[in-house]
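Reckoned from all heavy atoms, side chains included, excluding hydrogens, waters and symmetry mates. Everything quoted here is computed from the prediction, not taken from an experiment.
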Amino acid sequence: MVSSVVDTNSKEKRAHSTGDAKPPTAVAKLYLEDGSCFVGLSFGCHESVEGEVVFTTGMVGYTESLTDPSYQGQILTMTQPMVGNYGVPDRTKMDEFGLPAFFESKKIHAKALIVQDYSYHYSHWNAVSSLGDWLKEEGVAGLCNIDTRMLTKKIREKGALLGRIEVDLNAPPPDFTQMVNPNLRHLVDEVSTKEVVVYGKGNPVKIIAVDCGMKYNIIRQLVRRGAELTVVPWDYPFASELQNFHGLFLSNGPGNPIMCVETINELKKVINCSDDQVKPIFGICLGNQLMGLAAGGKAEKLPFGNRGQNQPVLNHQTGECYITPQNHGYHINCDTLEPGWKILFTNANDGSNEGIAHETRPYFTAQFHPEASCGPSDTEFMFDTFLEACQQPNKMITFPVRRPAPPLCSAKKILLLGSGGTSIGQAGEFDYSGGQAIKALKEEGKEVVLMNPNIASVQTNLDSKSHSKADHIYFLPVTPEFVEEVIKKEKPDGIVVSMGGQTALNCAIAMYKAGIFEKYNVQVLGTPIDVVIDTEDRQLFSDRLNEINEKIAESYAVDNLQDAIEAAKKIGYPLMIRSAFALGGLGSGICHDEEMLKDMGSKALSLSDQILVERSMKGWKEIEYEVVRDAHDNCITVCNMENFDPLGIHTGDSIVMAPSQTLSNQEYHMLRDTAIKVVRHLGIIGECNIQYALHPESLEYCIIEVN
């Protein structure tokens, strides 16, 4: 790989590793207290270290995780196989609050990092060094070429284990009876601030925050929302000063919460105050545990903890489930909570407590991390909830509630438009997804009619005894005329059109506009047809995204060549043309001049009634997210993908990697949040994908399309 050097504040910035980057060669061993030993390669500081071996899930976010104070004293294992691709950003760059812009504290808190494949070559516009060089800079060990899948399985079966990374290959195995468990140390005292610090001086809402190892993104979230945040040490006597503030915040932190005796005693004074002295309290992670202990609960160590970016949490107040980032080894047993307290959140995986709330006072907590960084920001609204409570302390704590779901489908006989011939835009994935749709409908007791002209598809070749086989199959072209004839004969009361690719969608749009579904009283299941039209019609799609101020390329929808030429004069060359209602990019491409536009435009308009003339983003990264949303507004990103080649080369001619390999945590979750926002706004029900153009040297992005 080549080096890209630019001048930034008179310091050299390397966006890519240099061609002389070498893989690690020094051998080291990982010993675990169960007697097992792993041999790997040392890519960080080549020194022996000890700690508690834990694992975390998540495809991105190693810089944020390593600097999270909650990992103090721990040897962190990443379950993502390949780590280090996007390097490490500038440690000296500060944000508007004087905090390191890309990290969660001023240093790495984990004792060591364990990965399977370490990318000693890195490539990212924001990187200044490799992950290994950063670890060496901080004096932190790194071990790669370890079977992290086996290691994670061992931790899940036996619980978090003490471990030692040994660089002296002749040293005997460690005596674990003499090793000090880091959870017996006062880890909070090790990471808490030693002095009072104020952020957001002059902001209207005055918050006192107890720092037990507070992540910097918590500070950012509160101050950006208008808080003047007074950060105090963990053992600060805050109860006597709370009357000078609008609210109290309890931060995350490492280790066993029962060691924070002074904090718990101060909390007891606060939560048991008289009604006229009540101030809102919000606790995160360790803050939840401290509140739970003050309220009569008991702290218990989880077998292997909950660490990662995809933990499901149930909200008992609203019935909703959130996908949350987490990092904790303890939880609160709520069986002994004092009267007046209730469970607010529960982990849907293991049933452990994820938060409590007072029944009448504005006290609430979250064991997970609403501030994210790393991880999804789905519960970021809790900071708004807290600050609203600080301004209106007499109101009950409430959370956003989704609109009620529509009534369940009453259709008993359903027509499914199949995938038809395999081609770009309706390839084998539609055959598979359509087959799964038939299976799901049959499990719901529905009678299924399938239209699919392809006799060589999986859908049409299931064994007669299979529970996934359609009740009736018609080997007919998916066209409005033939579909109407099948509707007349079979009299279905429901139809699924989104499992047959572009042919089925175009057919359904034509029938919808002709009033066929209304004529025969056939209910469209899944995404409504008008939403399909919004995504297929380039101008309507642009208009819908503008409603939520989303980023799309400058573009003009035209239906004739002359208007396309006029649009090109506004945009400039090179530019991109895209066909509406077309299979897999058919009729789309880059035009470098007017002659090329006339040639490609005339061909595109012969295939489609409309083309979009838009700004070219050739050379940008092409990223795609697969999204599923149901009628209850549950919306998740199933996976994301990254084209090996930049924009300008069609996906069908490129290599696609899943998951993406060069996105940082900030980029990954920026695009994930946008995907969910767009899909919800459009009203899609079912599966779809959203395609982006991401600038290769900044956070700028544009939405290309939603399929």
Side-chain angles (χ1 to χ4, degrees), residues 1-26 28 40-47 49 56 58-69 71 75-78 80-95 98-145 165 167 215-217 373-374 621 660-668 695-699:
M1 300 177 73
V2 296
S3 173
S4 173
V5 180
V6 296
D7 184 78
T8 303
N9 298 327
S10 300
K11 291 189 177 182
E12 185 181 86
K13 178 182 178 182
R14 292 189 298 154
H16 308 278
S17 52
T18 56
D20 59 358
K22 297 289 192 299
T25 57
L41 297 176
S42 172
F43 71 94
C45 180
H46 194 60
E47 293 183 0
V49 295
T56 184
M59 294 180 288
V60 290
Y62 51 82
T63 54
E64 291 85 356
S65 292
L66 285 168
T67 53
D68 181 349
Y71 281 116
I75 296 175
L76 179 60
T77 304
M78 307 293 289
Q80 165 73 354
M82 190 176 289
V83 178
N85 276 355
Y86 55 86
V88 180
D90 190 350
R91 275 74 87 185
T92 64
K93 184 174 181 180
M94 300 294 160
D95 63 16
L99 303 171
F102 308 110
F103 305 93
E104 290 306 303
S105 67
K106 292 181 179 178
K107 69 171 190 173
I108 295 176
H109 286 276
K111 291 295 291 289
L113 178 67
I114 297 175
V115 303
Q116 179 172 310
D117 295 316
Y118 165 58
S119 298
Y120 58 94
H121 274 303
Y122 67 91
S123 177
H124 195 271
W125 61 273
N126 203 27
V128 298
S129 78
S130 68
L131 173 58
D133 285 347
W134 182 42
L135 293 178
K136 293 171 186 174
E137 177 186 309
E138 296 261 347
V140 175
L143 198 58
C144 64
N145 286 28
I165 293 177
V167 299
K215 291 168 61 181
Y216 284 161
N217 208 43
S373 191
C374 52
K621 293 182 180 182
S660 59
Q661 294 297 311
T662 68
L663 298 191
S664 67
N665 177 79
Q666 184 179 16
E667 291 167 327
Y668 180 94
H695 195 280
E697 295 182 1
S698 74
L699 292 173

For the residue pair [X] and [Y], establish whether any side-chain heavy-atom pair is separated by less than 4.5 Å.
X	Y	result
L113	V140	no
M94	P100	yes
W125	L699	yes
T56	Y71	yes

Does a donor on one side chain sit under 3.5 Å from an acceptor on the other, for K215 and S373?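 No.
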
Pairwise distance [atom1]([X]) to [atom2]([Y]) - rounded to 0.5 angstrom:
X	Y	atom1	atom2	value
N126	Q666	CG	CD	7.5 Å
I114	M78	CD1	CE	11.5 Å
M59	Q661	CE	CD	9.5 Å
F102	T92	CZ	OG1	9.5 Å
L131	K136	CG	NZ	10.5 Å
L41	L143	CG	CG	7.5 Å

Using the side chain to side chain contact (heavy atoms under 4.5 Å, CB included) rule, pick out the option among V60, L76, N665 that qualifies with S65.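 Option passing the side chain to side chain contact (heavy atoms under 4.5 Å, CB included) with S65: L76.
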
Closest heavy-atom pair and its distance - [X], [Y]:
X	Y	answer
T67	H109	O-CD2, 3.5 Å
Y120	P23	CE2-CB, 3.4 Å
Q116	P81	CB-O, 3.5 Å
Y62	N85	OH-N, 4.0 Å
V49	K111	CG2-O, 4.1 Å
A112	I165	CB-CD1, 3.6 Å

When you measure from the side chain of [X] to the backbone of [Y], do you find a donor-acceptor pair of N or O atoms at a distance under 3.5 Å?
X	Y	answer
S130	D133	yes
S123	H16	no
S119	G84	no
S17	Y122	yes
S105	K107	yes
Y118	G132	yes

One pair to check against side chain to side chain contact (heavy atoms under 4.5 Å, CB included): Y216 and D95. What are the steps and the verdict? CA-CA 10 Å; Y216 284 161; D95 63 16; 6.0 Å; no

Using the salt bridge (Lys or Arg N to Asp or Glu O under 4.0 Å) criterion, which residues pair with E137? Sequence neighbours excluded.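 Once residues adjacent in sequence are excluded, the partners of E137 under the salt bridge (Lys or Arg N to Asp or Glu O under 4.0 Å) criterion are R91.
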
Distance flag, aromatic centroids of F103 and W134, threshold under 6.0 Å: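 Aromatic pair counts; centres sit under 6.0 Å.
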
Let me see the working for V115 and C144 under side chain to side chain contact (heavy atoms under 4.5 Å, CB included), right down to the final yes or no. CA-CA 5 Å; V115 303; C144 64; 3.7 Å; yes

